[in-house]
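Notes to accompany the following structure.
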Amino acid sequence: MAVSVVATLGFTAACGGGDDEKDTEGKPTGATATKAADEGKGGSEGGGGGATSGGGPAPLTEAQLEKAAIVSGDIKNYKVAKTPEGDIPAETVPAEPAACQSVADMFFFTSTPRAELRTARTLTATSDLNATVVSLALLAHDEQSDAEKVMAGLRTASKSCTAFEHTDYKYSGVKALPDPKQGDEAVSYQMKGSIEGTDVPMTFTIVRSGPTLAAFYAMNVLDADKAQVPADVIEAQLTKLAELEKAAG
């Protein structure tokens with residue numbers, strides 16, 4: 001039951017509670033949609049791999065991004081599954097009020113500026129006693145400055161936004177948490193989502209490493225005190241990302 005509620009709140013509202021399959025039929029989604037949209041604006045057709053025009057670290061390629069994402073063998077006590085691209089639409093879904101847009105976007109791991117490439121994972125605990133569900137994504141931007149803008153927007157919104165509506169659901173109790181001391185910079189915040197009379201507490205942590213963002217959020221419908229992104233999940237993902245970035249040079 002807990003996973004069912006979390007899944008409904010976290011993913012199936014992508015098109016305002018409508019028929020996702022119908023709404024997205026014939027439309028690119030996820031990393032493909034993001035890349036295609038940016039190419040249409042004159043973006044990089046190679047999907048990264050070269051130095052950014054701003055002189056920062058080189059963006060990751062699609063193959064590197066997939067390799068950098070954790071799998072089940074990288075983290076104990078969790079099953080890791082790749083999130084279908086259809087569950088993370090590339091297009092921004094408007095939030096009301098607009099001041100909350102940045103925090104609302106992170107439900108589907110999208111942002112403004114938009115990442116060139118994305119890949120996402122869903123983690124569920126192997127223990128039936130652990131109702132925490134974790135979602136994470138790696139977002140590769142072409143420019144480090146774009147990743148920095150996303151972080152600034154999240155930091156501002158998490159402090160100024162208190163409640164909002166997004167994809168026909170209501171969220172409240174938005175509160176900025178102390179910035180984690182991770183990566184080049186990090187931001188964290190919490191909130192509650194309401195679905196069918198159930199309050200679902202959740203916590204978000206987003207970490208920037210050069211032009212790449214590692215975004216995490218956790219939900220726990222049974223125990224609000226455990227609605228935290230597990231430290232070992234963050235550590236495992238950031239370590240794997242750092243190792244790939246070092247190897248890529």
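Each residue takes its place number in the sequence, starting with 1. Just so it is clear, the values below take in all heavy atoms, side chains as well, and ignore hydrogens, waters and symmetry mates.
Atom NE2 of His141 is separated from atom CZ of Arg118 by 10.0 Å, given to the nearest 0.5 angstrom. One finds the CD atom of Glu116 at 4.5 Å from the CG atom of Asp142 (value rounded to the nearest 0.5 Å). If you take OG on Ser188 and CG on Leu154, they are separated by 10.5 Å, rounding to the nearest 0.5 Å. Rounding to the nearest 0.5 Å gives a distance of 6.5 Å between CE of Met219 and OG of Ser135. To the nearest 0.5 Å, atoms CG (Leu138) and CZ (Arg121) are separated by 7.5 Å. For the atom pair Met191 CE and Lys170 NZ, the distance stands at 16.0 Å (nearest 0.5 Å).
Note on residues 103-113: no pairs pass salt bridge (charged side-chain N to carboxylate O under 4.0 Å, His left out), not counting sequence neighbours. Evaluation of the salt bridge (charged side-chain N to carboxylate O under 4.0 Å, His left out) test over residues 240-249, restricted to residues two or more places apart or in two chains, returns Asp74-Lys240. Counting only residues at least two apart or on different chains, the ring-ring contact (aromatic ring centres under 6.0 Å, His included) pairs with a member in residues 178-201 are Tyr189-Phe204.
A search for side-chain hydrogen bond (donor to acceptor under 3.5 Å, both in side chains) contacts involving Thr110 returns nothing, not counting sequence neighbours.
The side-chain heavy atoms of Ile206 and Met106, taken from C-beta on, include a pair separated by under 4.5 Å. Side chains of Leu60 and Leu241 form a contact here, defined as non-hydrogen atoms less than 4.5 Å apart. Within the 4.5 Å cutoff, no side-chain heavy atoms of Met202 are placed close to those of Lys192.
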Side-chain donor/acceptor pairs under 3.5 Å, residues 173-183, sequence neighbours excluded:
unit_1	atom_1	unit_2	atom_2	d
Asp179	OD2	Arg155	NE	3.2

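Taking both residues in full, the closest heavy atoms of Ala163 and Cys100 are given as O-SG, 3.6 Å, listed atom of the first, atom of the second, then distance. When all heavy atoms of Ala95 and Ala104 are compared, the pair lying nearest together is CB-CB, 3.7 Å.
With Thr122 contributing its side chain and Thr83 its backbone, the two residues share no donor-acceptor pair below 3.5 Å. When atom types are taken as modelled, the side chain of His166 and the backbone of Val93 share a donor-acceptor pair closer than 3.5 angstrom.
A centroid separation of less than 6.0 Å is found between the aromatic rings of Phe109 and Tyr217.
With 3.5 Å as the limit, one finds a donor-acceptor pair spanning the side chains of Glu66 and Thr119. In summary, the side chains of Asp184 and Ser209 do not present any donor paired with an acceptor at a separation below 3.5 Å, with no hydrogens or angles considered.
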Test log, rule salt bridge (Lys or Arg N to Asp or Glu O under 4.0 Å), inputs Arg114 and Glu91: CA-CA 9 Å; Arg114 186 160 50 181; Glu91 297 298 328; 3.2 Å; yes
Phe164 and Tyr169: CA distance, side-chain angles, deciding distance, ring pair (Phe, Tyr, Trp, His ring centres under 6.0 Å) verdict: CA-CA 9 Å; Phe164 63 97; Tyr169 293 96; over 10 Å; no
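Val229 shares a hydrophobic cluster with Ile70, Ile75, Tyr78, Val80, Leu123, Val134, Leu136, Val207, Phe216, Val233, Ile234, Leu238; the chain of contacts runs through ILVMFWY side chains whose heavy atoms sit under 4.5 Å apart.
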